[in-house]
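Only a predicted model underlies this, so the values are computations on that prediction, with no experimental measurement involved. Chain letters run A, B, ... following the sequence lines, proteins first, then strands; residues in each count from 1.
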Amino acid sequence: AQSVTQPDIHITVSEGASLELRCNYSYGATPYLFWYVQSPGQGLQLLLKYFSGDTLVQGIKGFEAEFKRSQSSFNLRKPSVHWSDAAEYFCALSGGSYIPTFGRGTSLIVHP
Amino acid sequence: DSGVTQTPKHLITATGQRVTLRCSPRSGDLSVYWYQQSLDQGLQFLIQYYNGEERAKGNILERFSAQQFPDLHSELNLSSLELGDSALYFCASSVEGTGVNYGYTFGSGTRLTVV
């Protein structure tokens, strides 16, 4: 079975501060990993994905994520947060069935 | 605009009724996926169609059914609706059958409220 855990339901940061959103997964092999962002009233938008190779992946909007096999983690980072980054962030995993399992999401609140 | 079109955006209906949600995938995408998003369950995969054929099934209730038509648009039919069916229903599409190479493109969802 595959699962994704996002330990933080809410994260609050100040504009301009750095950000790290945590994602832990459970899967028996190397999974396909994704981060999506959902703005209010919108669908999910793909930020970045990891399949293999370089464990640090770059995405859109200045986001990056690092795959750490030893920690079963795929944390999302951004060096300087903008107010427009306030949204819900979802980590997802695709295993052998290819149908992704999504985490419960982390709500990012940005203070001015 | 993601290119995935879902209609209607909002739907309010009574318990016991039946509704149909419609999804037009992004141009060129052959796969359509349906997801249900609720506060208590998060994002739950319901069903996938690829080029008109059912490809995978998730936690879809027997009261729910879906199909993908020759023009690749898809419909999700929900019947004998219960209060607990109130949720956001998302459609996503992908070019290939797995969605792993390019990820999914999501529509903006249909918010269903059962009263």
Looking at B:Leu43, B:Leu88, B:Val4, which makes the most heavy-atom pairs under 4.5 Å with chain A?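 Heavy-atom pair counts peak at B:Leu43.
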With a 4.5 angstrom heavy-atom cut-off, could you sort out which part of B:Gln41 is near chain A: side chain, backbone, both or neither?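 Contact with chain A: backbone only.
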Derivation and outcome, side-chain hydrogen bond (donor to acceptor under 3.5 Å, both in side chains), residues B:Ser93 and B:Tyr33: CA-CA 6 Å; B:Ser93 69; B:Tyr33 310 77; over 6 Å; no
Can you list the residues that meet the salt bridge (Lys or Arg N to Asp or Glu O under 4.0 Å) rule with [X], with sequence neighbours excluded?
X	answer
B:Glu82	B:Arg63
A:Glu64	A:Arg77
B:Arg18	none

Which one of A:Thr106, A:Leu48, A:Val37, A:Val57 satisfies the side chain to side chain contact (heavy atoms under 4.5 Å, CB included) criterion with A:Leu76?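 With A:Leu76 as partner, side chain to side chain contact (heavy atoms under 4.5 Å, CB included) holds for just one option, A:Leu48.
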In a check of ring-ring contact (aromatic ring centres under 6.0 Å, His included) between B:Phe45 and each of B:Trp34, B:Tyr104, B:Tyr35, which one passes?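 It is B:Tyr35, the one option of B:Trp34, B:Tyr104, B:Tyr35 that forms the ring-ring contact (aromatic ring centres under 6.0 Å, His included) with B:Phe45.
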A:Phe34 six-ring centre to A:Lys49 NZ/CZ under 6.0 Å and within 45° of normal: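 That pair does not qualify as a cation-pi contact.
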Sub-4.5 Å heavy-atom contacts with chain A: which residues of residues 105-115 of chain B show up?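 Those residues of residues 105-115 of chain B which have a heavy atom under 4.5 Å from chain A are B:Phe106, B:Gly107, B:Ser108.
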For A:Gln45, is it the side chain, the backbone, both or neither that has a heavy atom under 4.5 Å from a heavy atom of chain B?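 Answer is neither: A:Gln45 stays 4.5 Å or more from chain B.
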